[in-house]
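A quick write-up on the structure given underneath.
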Amino acid sequence: MIKDEVKNALKETIKEWETKSPKRIYLTIDKKHLLQTAKLFFSDLSMRLSTITGIDNEQNFELIYHFSCDKSGEIFNIRVFLEKNNPEIDSLTKLFRASDWVEREINEMLGVRFIGHPNLTHLLLDNDWPKDSYPLRKDYTNE
Amino acid sequence: MDFRKNLFFDPLSQLIGILIVFFTVIIFIYSLGFIKTKKIQYYIWFFLTALSSLGVAFSSNLILIVIFWGFLGLALFQLINLYSESNSIIASVAKKTFIIVGGSDGFLLFGFLLYTYLTTNTSIQGNLLIINDGLSLLAFICIVIGCFAKAGCMPFHTWVPEAAEHASIPVVAYLPASLDKLLGIYLLVRVVKDAFILDDIAKIILLVAGSLTIICAVMMALIQHNIKKLLGYHAVSQVGYMVLGIASGTPLGLAAGLFHMVNHAIYKSCLFLSVGNIEKRAGTTDLSQLGGLAKYMPLTFITTLIASFSISGIPPLNGFVSKWMIYQSLINFMNSTASFYLKFIIAISLVLALIGSGLTLASFLKLNSGVFLGNSKKETKEVGPLLLFAPIILSLLCVIFGIFAQATILKFIFKSVGILSGTYSYQLTFTTILIVLGFIFGLIISAVIKKKISVSNSFVGGEESDPDEEVKADDFYNSFKEIGIFKVIYAMAEKKIFDIYEMGKRISSLFITFLRYLHNGILSTYLAWCLIGMIGLFFYFFK
Amino acid sequence: MGLKEKILTKSLWVFHASIGSCNNCDIEILDCITPRFDIERFGIQLIGSIRHADAILVTGSLNRKALKRFKKVYAQAPKPCFVIAVGTCPCSRHMFKDSYNTVAALDEVIPVDVYIPGCPPKPEAMITGIVKLIDKINRR
Amino acid sequence: MSKRKIVPIGPYHPLQEEPEFFKLIVEGERVVDLEVDIGYNHRGIEKLAEAKHWDQITFLVERICGICSTSHPFAYCLAVEDLLKIDIPERAHYIRMIIDELQRLHSHLLWLGLAGHFIGYNTIWMWAWKAREPILDMFELISGNRQNYAMMKIGGVRRDMKKEDYQVLRKTIKELYPTLQLFQKAIEDDPVIQTRTKGVGILKKEDALSIAVVGPTARASGVNIDVRRDDPYAFYDKLHWSVITCREGDIYAKVIVRILEMFESCSLIEQCLDKIPDGAIEAEVRDIPPGEGIGRVEAPRGECIHYIRSDGTNRPIRHKIRAPSFVNVASNLVTVPGYTISDAAITLAAVDPCYCCTERSAVFLKTGEKILTGDDLIKLSIQKTENLKKDYGL
Amino acid sequence: MLTYLIIFPEFVFAFIVGAMGWWLERKLTARFQYRVGPPWYQSFIDIAKLFTKETLMPRNASKWLFILSPIIAFSSTTIFSLAILQSYFMHNSFTIDVIVLLYLLIVPSLCIIIGSFASNNPLALVGATREIKLMLAYEFVFIVSLVIIIIKSGGSIKLNGIIAAQQATHAHIASLSGIIASILGLFYLQAKLGIVPFDAAEAEQEIMGGTMIEYSGSLLGFFRATKLLLYGSLPLLLILLFGQFPHSRAWQKFLTIPAEYIIIILLVAVIKNINPRLRIKEILNFFWFFLFPVGIVGIILALRGM
Amino acid sequence: MKRLFIDLDKCDACPECVVKCSYIYHPQNNGITSLRELATFSLICHHCEEAPCVNSCYHKALSRDDKGIIKRARFLCTGCKTCSIACPFGVIFADFLKFFDSKCDYCISRNNQSCIPTCLYTALEIKDIDTDDIAQGIYLVSDILAIKSNKKWFLDDTVLYKKKK
């Protein structure tokens, strides 16, 4: 079972483990373990990164890395919390290219900095989009 | 020694003499504006060239010709080598040129000796040699090699592009582009007309050499990135047409070859001189670093455009007329022969000649678009009148000799090859009148629907293109290198496998290494060789 | 109605510009060319370069990034050049009105001649719209 | 320093219906690198969704993309149902599947036509789109719309299928088989199409895994994934069908995968029609409790994944959409370089890109009183343009 | 001089023929694709409309080249079509030869290339370079075809000579080498007119109309008119070169020529509709390494009198 | 225990407090309306046996649970306000029935309730309330919400509306 493999491999790094639906598994880890976890998922368990969801919570930012396991049809969601003032996290571009555009998008939409991303520029928004204005943050207002 | 017997003064020699004087004057004027250093040496060799050329043109004695011919080679070497101290490539190019031209002089001399041996006469005048055995053919081939090397026909062409790339512009325009062609082709015409009666094999040799020269040189020109080298390859390619014209051996063919030679000298010097202007202003002749000069150098642009259309044979310019005559003579030649193989070779030569014309056009489009159109790299201005005079005169001649060929130059040419009257040339007046009418018609239409042409940004899909991003036409020619069999041929050409000089160098170095291997300095080896040799001799003598 | 207009209406070359659409109107525009609707029988052609355009079919709610480019493209069109707003998005910005990335309605930016609402408008509706445009040209 | 040699494609380019901007960095006809600039279609749908009612979002996500306009609502409904943990009636599942597969048919035919158009083969385009029209008629029959079917609803489907329609649908599908076989034969036999597509735009398997491409793009590269089989939603696990994969990864493989998938879709629709039971078409949903849910479906272009989070009100607090094209378009960065400009057109189109996905993001007539002549009209519009130019400093 | 002025408007005839030919081709294409297709007057209307439109010029274009090249293209094509029609109507009063025609035919392509180079647009540049390669590709093949014709006509390069040679014996197409030459000629026609599969230079989906991208209004109109003239006169040239059947009566001739024209347009439409656009490299490969050797075989056959 | 206290007697259902709400997820909407709705539905509403509001709802958004309490399903309600018209007692205030509503989390974690200072009648406060105080008319509605209403009639069984058959 892939679930057990994940549990065995990660052990202490998992802060929280919940199975919301049979095939939707949410696990919370600390952001410093992200690279290691992603590596485990991609290289050892040959999952693929479906996408990354960035959420602006009240006190912090929340990133959910949706890893999809095509053998069992499960989605492993790695939940990482970032502090509000200085949202920074390791980029996964070193491991696979799939995270390239997603990270760029989250960067411009939420203002999360991805350390080690080669080209953290605007993807969807115009280049003259005002600085420090992030549309997906909850405090963003039109005009 | 009878003075008269050793000199020609027939219309052909007169024509060549006039042309030599004309080009000397034109390029002298250009040199006044262009040459700034080492003036004295330059002009000494320059006029020595002119004099010895005249000598070749007017002498009928073989020895005299060889002497003047040799002087020409020396002058060429000196002129190319003039500015070599700053650049060792120029020196090596000069050396290569000298070896090829001088080496071919040896063949020429040998050919003349054979000719003299066969006809028991040292003068061309009045000595027709019928090619009917190996020896006379050999004599012919040796003389032809001399002419080819001078004119730059394949396979003795390799010095032309390299000299064109590295030597200074007036030198290139003067020697490889005009005088060497004039003389080489003159000698060929002279030999074909007055010295030999060609048989089929000789004609086939000329046809094959001519058509191969056309197609191979133009294919090489197509992929060049340096304008001067590109022009150099064209200087080679055009020789093929002249040789094709001469190959037929008929008066019309000779006239066509001569006329093409004249035209080639005109437009090719015009092109080289215009390129000299470009080099003077832009400082480079690399296509990838040029662009947008039409705005700043309109006159140079027009002269280049006319000359390049002329070389590509666009009617009604002069290049078209002479090419047409060559095709006509080939077709006549084909009709008059009975041999199937000769017919086939003529047909293929005709095809290749027509194709070469298209390829020429393509490579000149590359040149014109790359240099004059597109985004300009830096601001510059038109060159002075001294430098513009020669190209303008030459490009005017391109037009005049095109439209009024019959009335002007062709008269002399026909006279020189012995055609007294006839309508061999195509009457371009009809086409010209129609073209003018068509053009007027177009202008009338555009005047009737006269609308202000408004200016707007160019449309590339809405996005502005960055100033540091561009597309250049010359890159797209590289795809010729990637098609089918050309891939191999171009790769071989880049390794200089077709270059006789380089191959000779390689073979001789191989030979030398073999000799070195033998000369290992061990006495017993030498002894063994001596023994083997002695045994060999022994068997030979006492068998 | 002059001859010029008559000629123009018989040979209307349209350029298709999507300025932030959902693809539906775009497909339906292409559908107009395909066998069932075939607007070529009216002389209408879809062309590639704005320089040849007589009319621009605009689809989509005006996106902030597309806005600047689209204005440039419109300025590059030879006049007379008509603008046809295809779909509800360019007519009224539809449900993307409140988005941070759609800035203005189309007719605030360039003059629009015909509006074809619908999400997406059926090809029949588009043909009707173009016919209305032709009527409009003729009436002037 | 020599300048970069760029051939721009876009943003307003007939290659694709949507605006997008590619910079092909070329050496002659050969493309050596590619820069992608997207965002001309970005409409901020994720943000808009946060201000919309749960039920409205089904319509909003429908307008993410017009071609896969049922996949997005489907995935969204699955996400909400995942959050709600409810079961929906069987009949609703079957209707959803029928719509989904019909849409796959229509989308693949559309792509096939456009691919033909992009390689200059307009006959294929016309024929494919002609074959597509009956499917659109079916949509019109079932949902009343040619596009944007609005069939999905949280907890079921919005409209029922009439019994009489089964036969019509069955007949249409039956008539589609020979057409599809025609296309298959035409493409497998035509040497010219093969020279244009074989060995062009190859996406290697390891690249495919690294970029995490999905759908036919991945399956053509030998990555055997299909959400319908791996994480079965609706009743895909109860029907008999197979996942089509090819190993080559070139455009030809992508064409073949899509064509063969159409046969599977036809068979799936027929099976659905055989098995569809009577009964309710929707389950009652009264409130959306706080929580989060993920739904994914296999859209025609690949896996489409929606993540929603609710706080218990009638709007989501986060709605993340990952459309298949978002990852597939990124694969162009690998596939386009190394081939020629001519190949770039078809390669860019081969992933069946949908930039609106990627970026989630009665005729009125103004009757003028004044009668203007044609010249006035020209003057007027020139004047308008001048004003515009002045305004924007052009 | 007066004669020239009198015969000059004959190109209008070629224009009308071309317009109808183009319409026929579009109509046939439409019928292939289950469509209705444009009405018969569409080609005229298109041209007329272009002349009423505003003409735009890109800012950093070379002004004179940009404006002159369409006009020169048009006028050179009028001469070409004139020459063709002249040799149809008056056999002996007129001399023009195929080599001049060959060079005249290069001029329109040349003008298109120069014009698109002058428009200073990257996409036009790509189109122009493709047009150059295309030109090389098809001209080669046409040259071979012409040489076959010249050989078969007993060395006559004048158009009336070629007609006479055919009417004396049999049409060139009625022999083996003639068939090869006419196939080459047909492919030449297809490529010269820029029709799929040889429309890489104007590939709309790749480079947005390529060479024509910056042309608008009356300048584009001139290019269109050029194309119409070519549509009219190129098939007529092919008929002249290959399909002059020896007829005893004039009415037979007046029936065969339109029939042959329609057959040629039909073949063009068929080739157009069963092929995708070829890459420029494939076009070169096809013309140079397939058709060219075939043409050489044709030359051998023609020399052998077959 | 601190609770949010709404004085329904004072509350005029004016939009003042609605203007500003510091609910983070949907800041442009207000949480207080949903609280007022909660309060009215649980307390003021008569929960009629044959409730006209339930019958009138087009979307079946109003229903009675097993305890007999009428509840509105937010997913289904479209804010058409038919029930507001149908209610014979006028206790379903039209402004409660927003199409979009937000949840009030009472801003307990933030301590910057924007709504309280905006109320003109001081009907809102944060108070320590632990038990129901019927005499005062104070009732606990949920864990952290309390309301005050002195209108006794709404609890009187005798006025339960019965629909005439």
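Throughout, protein chains are lettered first and strands after them, A, B, ... in sequence-line order, and every chain is numbered starting at 1.
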Notebook entry, point to check: Heavy-atom distance under 4.5 Å between the side chains of E/Lys192 and E/Glu139, does that happen here?
Noted result: yes
Next item on the list: Describe, in one word, how the ring planes of E/Phe222 and E/Phe74 are oriented to each other, choosing from parallel (under 30°), tilted (30 to 60°) and perpendicular (over 60°).
Entry: tilted
Notebook entry, point to check: Side chain, backbone, both or neither: which part of E/Tyr138 has a non-hydrogen atom closer than 4.5 Å to chain B?
Noted result: neither
Check: Which one of E/Ile72, E/Leu102, E/Ile300 has the most heavy-atom pairs closer than 4.5 Å to chain B?
Finding: E/Ile300
Next item on the list: Decide yes or no for E/Glu131 and E/Ser116: does some side-chain heavy atom of the first lie under 4.5 Å from some side-chain heavy atom of the second?
Entry: no
Note to self: Under a 4.5 Å cutoff for heavy-atom pairs, which residue among E/Ile143, E/Ile299, E/Val107, E/Ile106 has the most contacts with chain B?
What the structure shows: E/Ile143
Check: Does a side chain donor of either B/Thr337 or B/Ser339 reach within less than 3.5 Å of an acceptor in the other side chain?
Finding: no
Checklist line | Side chain, backbone, both or neither of B/Ile355 within contact of chain E (heavy atoms, under 4.5 Å) | finding: both
